[in-house]
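Report on the following structure.
Whatever order the structure lists them in is the order used to number ligands and atoms, beginning at 1. A quick note: this is a predicted structure, and the numbers were derived from the prediction, not measured.
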Amino acid sequence: MPGAKNISLQTYLFVNPKNFESNIFKEEKIKYILGEMKAIITGTGSYLPPRVVTNFDLEKIMNTSDEWIRQRTGIVERRYADPGIGSSDLATEAAKRAIESAGLKPADIEFIIAATLSPDHYFPGIGVLVQAKLGLAPIGALDIRNQCSGFIYGLSVADQYIRAGTFRRILLVAAEVQSSNLDYSDAGRDMAVLFGDGAGAVVVEAYDGQDRGILSTHLFADGRYVSDLWMEKPSPRDKPVFRENFIREGRYFPRMEGRSVFKNACEKMPEAVRIALAQNNLRVEDVDVLIPHQANERITQMVAKSLNVPAEKVISNIDRYGNTTAASIPIALDEACRNGKIKSGSLIILTAFGSGYTWASAVIRW
Ligand code: UT7
């Protein structure tokens, strides 16, 4: 059947169940069974809302200083979405760019994975909104809730679906609008200066070869530390959910035990990378590009130092965007692709740590 290699097995069989009998299907199926199919990233895209908010802008509305923010975090400015713009809007723009850079049309996408901690609505998640905004057929849309690790968790899901032969072209998008719910009082200033809005996306496709692709993903979680970094309320455990006293106590804002998160981020990201390198029989010297979650420039430097990766191989854009949670890795990945830091054949390591706690790593041969 001509063109059979360009569609997923699911679509192929759905279109004509007789394809079960065809030799092409058997040939493809054998490759999947033998684990010979790889998932590769064929397109990247990002979208940052145009409104720039500098540290000096924050000085005007809260008790902080440009000097404190730069010294403790490396952040100079971040982007804020305008009122009325949700994470699904940023996600849709990033998705369009990723699909275009893959040389595809939106209609080529067979499945959507969307990661965010700041969906437009309490439910549903943004996956279905991205699907509708891209005008796609009723393909599946899965939402991932793993905060800063959300992109790597999503990449892991995409990798499994592709290698299992379920889908051949997956859109993975991560987006956040965090600026609308930060506590700009002294109680929340540690977090308010860190976070920004933005979106990043990739297209993950099946690849019939061994020379490139996602080599591994490793996912971790430790739920004992839930309250170290969380937005406790609103909670359906409360009846009623919304209460005056919770508003007064600032419990609808995200809260963080900054020092504990900092310490664990500096330990767990290098640990996850070491496990990944060992599994792939790779050495730190083999790494061409390290993209850590952009949480804090000091954390990025500690991770690089712990792994002994030289600064020129480490991607950092936190000075311009702050911490964009799930979106930070795909935004950095997109920029590194577009400015030539990532080349064909590069060995890329991704690693993230955040709320949950959750943390993760991925190894990709580009
Ligand atoms: O993406 C998810 C993962 N998140 C992270 O990885 C973030 C991890 N944590 C951090 O990056 C750091 O803990 C922070 C940047 C949040 C805070 O830095 P720190 O060096 O741990 O500062 P601290 O919380 O120990 O606070 C030191 C001082 C305190 O004042 P006192 O008690 O020493 O008088 C804070 O009240 O700095 C004060 N402070 C601020 N001052 C000016 C806290 N936030 C601010 C602020 N501006 N924005």
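- For the residue pair Asp89 / Thr92, no side-chain donor-acceptor distance below 3.5 Å is found, with atom types taken as modelled.
- Heavy atoms of Met191 come nearer than 4.0 angstrom to ligand 1 in no pair at all.
- The distance criterion of under 3.5 Å between nitrogen or oxygen atoms is met by Asn296 with respect to ligand 1.
- Of the N and O atoms on the side chains of Arg251 and Ser235, not one donor lies less than 3.5 Å from an acceptor on the other residue.
- Checked by atom type, the side-chain pair Glu205/Thr42 shows a donor-acceptor distance below 3.5 Å.
- Using a 4.0 Å threshold on non-hydrogen atoms, atom 44 (N) of ligand 1 counts as touching the protein.
- Side-chain polar atoms of Asp228 and Tyr357 form a donor-acceptor pair below 3.5 angstrom.
- For atom 14 (C) of ligand 1, no protein non-hydrogen atom is found at a distance below 4.0 Å.
- Remark: minimum distance from atom 2 (C) of ligand 1 to any protein heavy atom is reached at Cys148 SG, 3.2 Å.
- A salt bridge links Glu93 with Lys96: the distance from a Lys NZ or Arg NE/NH1/NH2 to an Asp or Glu carboxylate oxygen falls below 4.0 Å.
- With 3.5 Å as the limit, one finds a donor-acceptor pair spanning the side chains of Asn280 and Ser216.
- Across Arg72, Glu257, Lys263, heavy-atom proximity to atom 20 (O) of ligand 1 is greatest for Arg72.
- Relative to the ring axis of Phe353, Lys268 does not place its NZ or CZ within 45° and under 6.0 Å from the centre.
- Checking Ser87 against Glu176 by side-chain atom types alone, no donor-acceptor pair falls below 3.5 Å.
- To the nearest 0.5 Å, the span separating CG on Leu277 from NE2 on His218 amounts to 10.0 Å.
- The contact set between ligand 1 and Asp190, taken as ligand atoms under 4.0 Å from a residue heavy atom, comprises 16 (C), 44 (N).
- Here the shortest heavy-atom distance to atom 6 (O) of ligand 1, taken over Thr64, Ile299, Val193, Asn323, belongs to Ile299.
- Numbered from 1 in the order shown, with element, the atoms of ligand 1 that lie under 4.0 Å from a heavy atom of Thr73 read 15 (C).
- Ranking protein heavy atoms by distance to atom 24 (O) of ligand 1, first place goes to Arg259 NE, 4.6 Å.
- Look at Glu335 and Arg320 and you find a salt bridge, because one of the NZ, NE, NH1 or NH2 atoms lies within 4.0 Å of a carboxylate O, short of that distance.
- Given atom 9 (N) of ligand 1, the protein heavy atom at minimum distance is Gly258 O, 3.2 Å.
- When distances from atom 34 (O) of ligand 1 to the protein are checked, no heavy atom turns up under 4.0 Å.
- For atom 47 (N) of ligand 1, the nearest protein heavy atom lies under 4.0 Å away.
- Ranking protein heavy atoms by distance to atom 5 (C) of ligand 1, first place goes to Val261 CG1, 3.6 Å.
- Protein heavy atom at the shortest distance from atom 29 (C) of ligand 1 is Arg189 NH2, 4.8 Å.
- Around CD of Gln160, the count of heavy atoms belonging to other residues, nucleotides or ligands within 6.0 Å exceeds 12.
- Inspection of the Glu297 and Ser316 side chains reveals an N or O donor paired with an N or O acceptor under 3.5 Å.
- Near Arg298, meaning under 4.0 Å from one of its heavy atoms, ligand 1 places the atoms 20 (O).
- For Thr325, the closest heavy-atom approach to ligand 1 does not fall below 4.0 Å.
- Here the shortest heavy-atom distance to atom 39 (N) of ligand 1, taken over Trp68, Phe353, Tyr184, belongs to Trp68.
- For Leu229, the closest heavy-atom approach to ligand 1 falls below 4.0 Å.
- Summary of contacts: the protein heavy atom closest to atom 16 (C) of ligand 1 is Met256 CE, 3.6 Å.
- Electrostatic pairing of Arg283 and Asp286 counts as a salt bridge here, judged by a charged N lying under 4.0 Å from a carboxylate O.
- Residue contacts with ligand 1: His293 is included, with a non-hydrogen atom under 4.0 Å away.
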